[in-house]
Amino acid sequence: MHNVKKILILLLVVGVMTGFTRAASKHEHPDATLRLSGGSFAAGYNGKDYLVKVNGLSIGKVGITSSSAYGEVFNLKHLQDFNGHYNVGAAGTRGVTLGGGKSGTLMSNQAGVIVRISATQSGVAVNATGGGVDMQLK
């Protein structure tokens, strides 16, 4: 009986991960992009750049002095929908393998906005902390 519970939980986690991945990958073109360079975040939306305050995202690896990351934003119908708390959905969605062998983090907020973010340097990890990620446009 204990193994049945483990299997059901595992299936649930895989289902959530698959749902996030499908929702983000069904769009060929993101609605916006995110860039991290030198410790600051910017969002590109409709040809304009917006500074973004981010809490709860770790990017880096021991021995790396500067790292950068790139993200794609999906289901962003209105700019204000970007603001909010992003959940990673399940513990298994941290560090997911994205298309083409890239690894990254896939998360969504209360407005249904999905962010897929990964490091642009080989060997650098992008992970959400246990409480998720807060992102606000400045």
Side-chain angles (χ1 to χ4, degrees):
M1 190 62 152
H2 185 65
N3 287 336
V4 172
K5 282 185 178 181
K6 285 183 181 179
I7 291 171
L8 289 174
I9 290 171
L10 180 62
L11 289 173
L12 177 64
V13 168
V14 169
V16 168
M17 287 173 36
T18 303
F20 275 148
T21 304
R22 271 197 198 155
S25 63
K26 74 178 182 178
H27 303 283
E28 286 187 29
H29 301 287
D31 299 315
T33 58
L34 282 174
R35 293 173 314 283
L36 167 75
S37 182
S40 64
F41 275 91
Y45 181 70
N46 284 341
K48 295 182 182 178
D49 286 336
Y50 300 88
L51 292 177
V52 178
K53 180 180 177 185
V54 178
N55 291 317
L57 191 67
S58 77
I59 299 175
K61 178 181 173 184
V62 175
I64 301 289
T65 56
S66 67
S67 54
S68 59
Y70 176 79
E72 295 175 313
V73 181
F74 301 93
N75 296 336
L76 183 62
K77 294 171 181 53
H78 306 283
L79 187 59
Q80 66 268 20
D81 291 344
F82 178 82
N83 295 329
H85 182 77
Y86 287 79
N87 292 305
V88 291
T93 60
R94 292 186 189 101
V96 295
T97 299
L98 306 172
K102 286 186 174 180
S103 65
T105 298
L106 194 60
M107 53 196 163
S108 65
N109 73 4
Q110 70 284 350
V113 176
I114 297 170
V115 173
R116 181 173 60 192
I117 191 165
S118 63
T120 56
Q121 289 178 278
S122 178
V124 176
V126 177
N127 289 304
T129 60
V133 177
D134 291 315
M135 290 195 268
Q136 298 289 323
L137 297 171
K138 291 184 179 182

Answer whether the closest heavy-atom distance between the side chains of [X] and [Y] falls below 4.5 Å.
X	Y	result
Y45	L137	no
S108	I114	yes
M135	L34	yes

Tell me the closest heavy-atom pair linking [X] and [Y], and the distance in Å.
X	Y	answer
Y86	D81	OH-O, 4.4 Å
R35	D49	NH2-OD1, 3.0 Å
P30	T33	CG-CG2, 4.4 Å
F74	R116	CZ-NH2, 3.3 Å

(message) Using 0.5 Å steps for rounding, measure from the CD1 atom of I117 to the OH atom of Y70.
(response)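 Nearest 0.5 Å value for the CD1-OH distance: 10.5 Å.
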
(request) Nearest 0.5 Å please: distance from the NE2 atom of H78 over to the CG atom of N83. (result)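 Here the interatomic distance stands at 13.5 Å.
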
(request) Without swapping roles, check the side chain of D134 against the backbone of N55 for a donor-acceptor pair under 3.5 Å. (result)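 Side chain of D134 to backbone of N55: no pair is present.
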
(message) Please check: side-chain N/O of D31 versus main-chain N/O of K77, any donor-acceptor pairing under 3.5 Å?
(response)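 No: the side chain of D31 does not pair with the backbone of K77.
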
